[in-house]
Asker: 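Can you read through this structure? Questions will come right after.
We count residues from 1, following the sequence as given. Indexing begins at 1, ligand by ligand and atom by atom, following the structure's order.
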Amino acid sequence: MFDGLKEKLGRFRDDVEEEAAEAEAEAEPEEADAATETAETEADAEPVAESESESESRSTTAETAPSRDADSGTAADAEPEEPDRGGLASRARRFATGKTLITAEELEEPLEQLEFALLQGDVEMSVAAEITERLREQLVGQERAQVKSGAIVIQEAIGEALKEVISVGQFDFEQRIAEAEKPVTLVFTGVNGVGKTTTIAKLARRFEDQGYSVVMANGDTYRAGANEQIQEHADALGTKLISHQQGGDPAAVLYDAVEYANANDVDIVLGDTAGRLHTAKDLMAQLEKIDRVVDPDMTLFVDEAVAGQDATQRAKQFNDAAEIDGVVLTKADADSQGGAAVSIAHVTGKPILFLGVGQAYDDLERFDPEVIVSRLTEDE
Ligand SMILES: Nc1nc2c(ncn2[C@@H]2O[C@H](COP(=O)(O)OP(=O)(O)OP(=O)(O)O)[C@@H](O)[C@H]2O)c(=O)[nH]1
């Protein structure tokens, strides 16, 4: 999941490290030159003294050490390594202990490349800009704790920047369900074919595992075969389903489901709706009617992570048309880029609550920004 995104963030970290090390190398030539000069002076000064002593020693060691170069540059050849090695080592040490400050100039190219890579990975433009801006703010010229290596500082900055954008609007879903008056009614919206029905079935399983009782309602009265499809899930899960004939009123189906829940002490109503509505006006009219008739506790928008930029735009359109409370992103298991996962909350102001991570009923994960960020930034 999101491997492509992880790789891009890792590449940014490496680029910044490299830039910082290069800049450090350029900043140090005086130190290195001074050391080289000293070494050269020593080397220049030595030949005379050495040639005497060497000629002496050569007379005794020539046979045993024939490879030792008799030329007066011997000492100088050996010496120049010293200042260079010292320069590199101290550079490495300074960066590794976090003493190196990264300048805006050094960050510019890695940031540009990261922004481009994020856009290519379907991260929405304003979100890519927000991430790079946050990284710039956090990394440029910051005083760093000296115990932290440069790499860790960059990794933490990436984590912070990501967390800021993906945590927008997060709330404690479980607590809200627990505290809400029963039955709790959740309505699901979104275009067809993205896994809405499967998601409702997965949530039914999850709630039942948590000890709640559930009734499902098929408000997708528009699509032929929708009843049969959701019925299959209801049968597999052993969950009650309320449905009407095709062409019926979705609000009436949901009303019946809430009535059923009230009469049978059922805790949670999960209502599907038809997503294939041609205009925002239709969508709003449908959801407004549902609002009036059953007053749902939450309306959740479902889309597929693999749709990337399209999923982000649809989430925005649905939220503009009829306010949503949160998002479920399906097929995250098949999504390498993570563009929608990173962008949706920031663009809509509504949190991603769950990720669909496979086709089985248990393949539903709570969207936890902390967990997502550590997956994306930490080395395996
Ligand atoms: N890999 C993967 N497949 C999923 C996930 N969620 C749903 N699917 C699959 O996506 C396909 C479509 O899902 P459905 O729930 O049938 O969606 P739909 O009925 O076409 O459309 P909706 O009207 O949105 O319900 C099915 O084959 C599901 O198994 C997921 O999280 N990961």
Asker: Hey, is ligand 1 close enough to Thr199 that some N/O pair sits below 3.5 Å?
Answerer: no
Asker: For atom 27 (O) of ligand 1, find the nearest protein heavy atom and state the residue, atom name and distance (0.1 Å precision).
Answerer: Gln359 NE2, 3.2 Å
Asker: Using a 4.0 Å heavy-atom cut-off, say whether Gln229 meets ligand 1 through its side chain, its backbone, both or neither.
Answerer: side chain
Asker: Numbering the atoms of ligand 1 from 1, which are under 4.0 Å from a heavy atom of Gly356?
Answerer: 31 (O)
Asker: Do Gln337 and Lys8 have a side chain donor and acceptor closer than 3.5 Å?
Answerer: yes
Asker: Run the numbers for me: atoms of ligand 1, each under 4.0 Å from some heavy atom of Gly193, listed by number.
Answerer: 18 (P), 20 (O), 21 (O), 22 (P), 23 (O), 24 (O)
Asker: Will you find, in the side chains of Glu174 and Gln210, an N or O donor that is under 3.5 Å from an N or O acceptor?
Answerer: yes
Asker: Going by the order shown, which atoms of ligand 1 are within less than 4.0 Å of some heavy atom of Val194?
Answerer: 21 (O), 24 (O)
Asker: Which option out of Gly195, Gly190, Ala332 puts a heavy atom nearest to atom 12 (C) of ligand 1?
Answerer: Gly195
Asker: Please determine, by modelled atom types, if Gln313 and Gln317 share a side-chain donor-acceptor pair under 3.5 angstrom.
Answerer: no
Asker: If we count only N and O atoms by modelled type, under 3.5 Å, do the side chains of Asp363 and Gln359 hold a donor and an acceptor together?
Answerer: no
Asker: Should Asp272 and Thr197 count as side-chain neighbours, where that means a heavy-atom distance under 4.5 Å?
Answerer: yes
Asker: Heavy-atom contact under 4.0 Å between Glu304 and ligand 1?
Answerer: no
Asker: In terms of atom number and element, which parts of ligand 1 are under 4.0 angstrom from non-hydrogen atoms of Val191?
Answerer: 24 (O)
Asker: Kindly say whether Pro369 contributes a backbone atom to a donor-acceptor pair with the side chain of Ser167 at under 3.5 angstrom?
Answerer: no
Asker: Does either side chain, that of His244 or that of Asp256, offer a donor lying less than 3.5 Å from an acceptor on the other one?
Answerer: yes
Asker: Between Gln229 and Arg223, do the side chains contain a donor N or O and an acceptor N or O under 3.5 Å apart?
Answerer: yes
Asker: For atom 15 (O) of ligand 1, find the nearest protein heavy atom and state the residue, atom name and distance (0.1 Å precision).
Answerer: Thr198 OG1, 2.4 Å
Asker: Where is the nearest protein heavy atom to atom 23 (O) of ligand 1: which residue, which atom, and how far?
Answerer: Asn192 ND2, 2.7 Å
Asker: Nearest protein heavy-atom contact for atom 32 (N) of ligand 1: which residue, which atom, what distance?
Answerer: Asp333 OD1, 2.9 Å
Asker: Can you find a side-chain donor-acceptor pair between Glu208 and Ser213 that sits under 3.5 Å?
Answerer: no
Asker: If the test is side-chain hydrogen bond (donor to acceptor under 3.5 Å, both in side chains), which one of Arg205, Lys202, His233, Arg206 qualifies with Tyr361?
Answerer: His233
Asker: Provide, to 0.1 Å, the distance between atom 5 (C) of ligand 1 and the closest protein heavy atom, together with that atom's residue and name.
Answerer: Gly358 O, 3.5 Å
Asker: Pull out every atom of ligand 1 sitting under 4.0 Å from any heavy atom of Lys196, numbered as shown with elements.
Answerer: 15 (O), 22 (P), 24 (O), 25 (O)
Asker: Specify side chain, backbone, both or neither for Lys202, according to which of its non-hydrogen atoms lie closer than 4.0 Å to ligand 1.
Answerer: side chain
Asker: Who's the nearest protein heavy-atom neighbour of atom 4 (C) of ligand 1, and how far?
Answerer: Lys331 CG, 3.7 Å
Asker: Which ligand 1 atoms are under 4.0 Å away from a heavy-atom of Val357?
Answerer: 31 (O)
Asker: Test Phe354 against every option in Phe301, Phe367, Phe173 by the ring pair (Phe, Tyr, Trp, His ring centres under 6.0 Å) rule and name the one that passes.
Answerer: Phe173
Asker: Considering only the protein, which heavy-atom contact is closest to atom 25 (O) of ligand 1, and what is its distance?
Answerer: Thr197 OG1, 2.5 Å
